[in-house]
Amino acid sequence: MTEQIDIHKPIIQKAAKGNAKAQKQLYELYAKAMFNICYRMMNNLYDAEDMLQEVFIDAFNRLESFRFESTFGAWIKRITINKCINELKRKKVALELKEEITPDAISDDYEDTEYTQLSVNHIKHAMALLPDGYRVIFSLYMLEGYDHQEISEIMNITVSTSKSQLARAKKKLIEVLKAGSMQYNLN
Amino acid sequence: MTDRLKDFIENNADGFNDLEVPKESWDKIATRLGHSKKSNSVKIRYISIIAAACIAGIAVFMVVFNNTEQPTSQLAEVPEIVEAEAYYTSQINVKREQVYQLAGGFPELKEEMEIDLAELDTIMVQLKKDLNDNVSNEEVIEAMIQNYRMKLMILEDIKSFLEEKNEKPKNTKSYEL
């Protein structure tokens, strides 16, 4: 694999040797992005902060093994996702909902959003109300930019399960958004 | 067909990443990485060196400008320092023993602690000499007490750090990247 050009390479190399200042610089560069991922995965601030600490401790302890085959951002993002999924599994959170996969379950629901008022806050609120398995797949695909092949590897599920879970997650989210907008109209 | 929801999220990515990291998070990470304790130790060493320099300066000043011959006094003749020495030495020995028991897995920390304590011992030797010279005894006794307190503070600081470390199991999970 070819080496990726990383503009923070000198900082990463110093941090790998245990340099406290360089480690803090890396933290300042990536903590906010990783904290937001942790929050989406864990669905509460307390667990998100715990995960953030675990991620950076682990990343700094293993930084010497980082070979610049990906960007540091992609590397630490993958550590973050894996840490959160491991923690959710440890807490026995159901990440794969064992529902029968029917063709209509993975049909396009996209047109359903046509008459739905979209706003960042409403979507974030609706995401928080999704079952854990749906929320995790939705976040990985819609916000973290992973495709179904990558999600299947991360979560140890099949590609078709990833697709069907995403479709169901979207459908559920749109239902919540619609219910929310009805509520707003009534109020 | 376009995915309106996905497009909306992509176009408003900043809004989905607006949570700020709690301010104390880095401090917790730095403590677990051992950074803050190390810097504390360095700070203590720095303070000890400055304290030693000040005391030596006072002693030299007093010797040079105080030409009147004074009767010599022995350490054993100053009851408050004898009492304080007995008390602090016993406290320090207890704490040092506790730290030794906890420091099995941290030889570098143990070594650093020994260096700090040795520096304070060197200062104490000089202070005892100053006391015997009967030069500015009040300040010298105060400096001796401070020396003992600093030793106790170093030991207490290291003990708390080791207790915290020993409580937490090492993370051995690996990732497939």
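Treat the numbers as computed from the prediction; the structure is a model and nothing was measured. Chain identifiers are assigned alphabetically (A, B, ...) following the order of the sequence lines, protein sequences preceding nucleic acid strands; residue numbering begins at 1 within each chain. These values consider heavy atoms only, across backbone and side chains, with no hydrogens, waters or symmetry-generated copies.
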| remark: B/P22 and A/F35 have their tightest heavy-atom pair at CD-CZ, 3.6 Å

| note | Minimal heavy-atom distance between A/E49 and B/S25, with the atoms involved, is OE2-OG, 3.1 Å

| query | Does A/N36 reach the main-chain N or O of B/L19 with its side chain, forming a donor-acceptor pair under 3.5 Å? | reply | yes

| B/F16 backbone acceptor or donor facing A/R40 side chain under 3.5 Å | yes

| message | Within 45 degrees of the ring normal and closer than 6.0 Å to the centroid, is that where the cationic atom of B/K6 sits relative to A/Y141? | response | yes

| CZ/B/R32 to CD/A/E54 distance, rounded to the nearest 0.5 angstrom? | 4.5 Å

| field | Inter-residue atom distance A/I57.CD1 - B/L33.CG, 0.5 Å rounding | value | 4.0 Å

| query | Same cluster or not: are A/V159 and A/M155 linked, directly or through other Ile, Leu, Val, Met, Phe, Trp or Tyr residues, by side-chain heavy atoms under 4.5 angstrom apart? | reply | no

| Same apolar cluster: B/V94 and B/L162, side chain cutoff 4.5 Å | no

| query | Should the pair B/D27-A/K24 be classified as a salt bridge under the 4.0 Å nitrogen-to-oxygen rule? | reply | no

| field | salt_bridge(A/K32, B/D18) N-O dist < 4.0 Å | value | no

So do the side chains of [X] and [Y] get within less than 4.5 Å of each other, counting heavy atoms only?
{"X": "A/Y27", "Y": "B/V21", "result": "yes"}
{"X": "B/E10", "Y": "A/L143", "result": "no"}
{"X": "A/L173", "Y": "B/L5", "result": "yes"}
{"X": "B/N17", "Y": "A/Y39", "result": "no"}
{"X": "B/W26", "Y": "A/E28", "result": "no"}

| field | Region of A/I37 in contact with chain B, defined by heavy-atom distances below 4.5 Å | value | neither

| field | Region of A/I154 that comes under 4.5 Å of a non-hydrogen atom in chain B | value | neither

| Crowded around B/K95 NZ? As in, over 12 foreign heavy atoms under 6.0 Å? | yes

| request: Measure distances from B/I9 to the heavy atoms of chain A and classify the residue's part below 4.5 Å as side chain, backbone, both or neither. | output: side chain

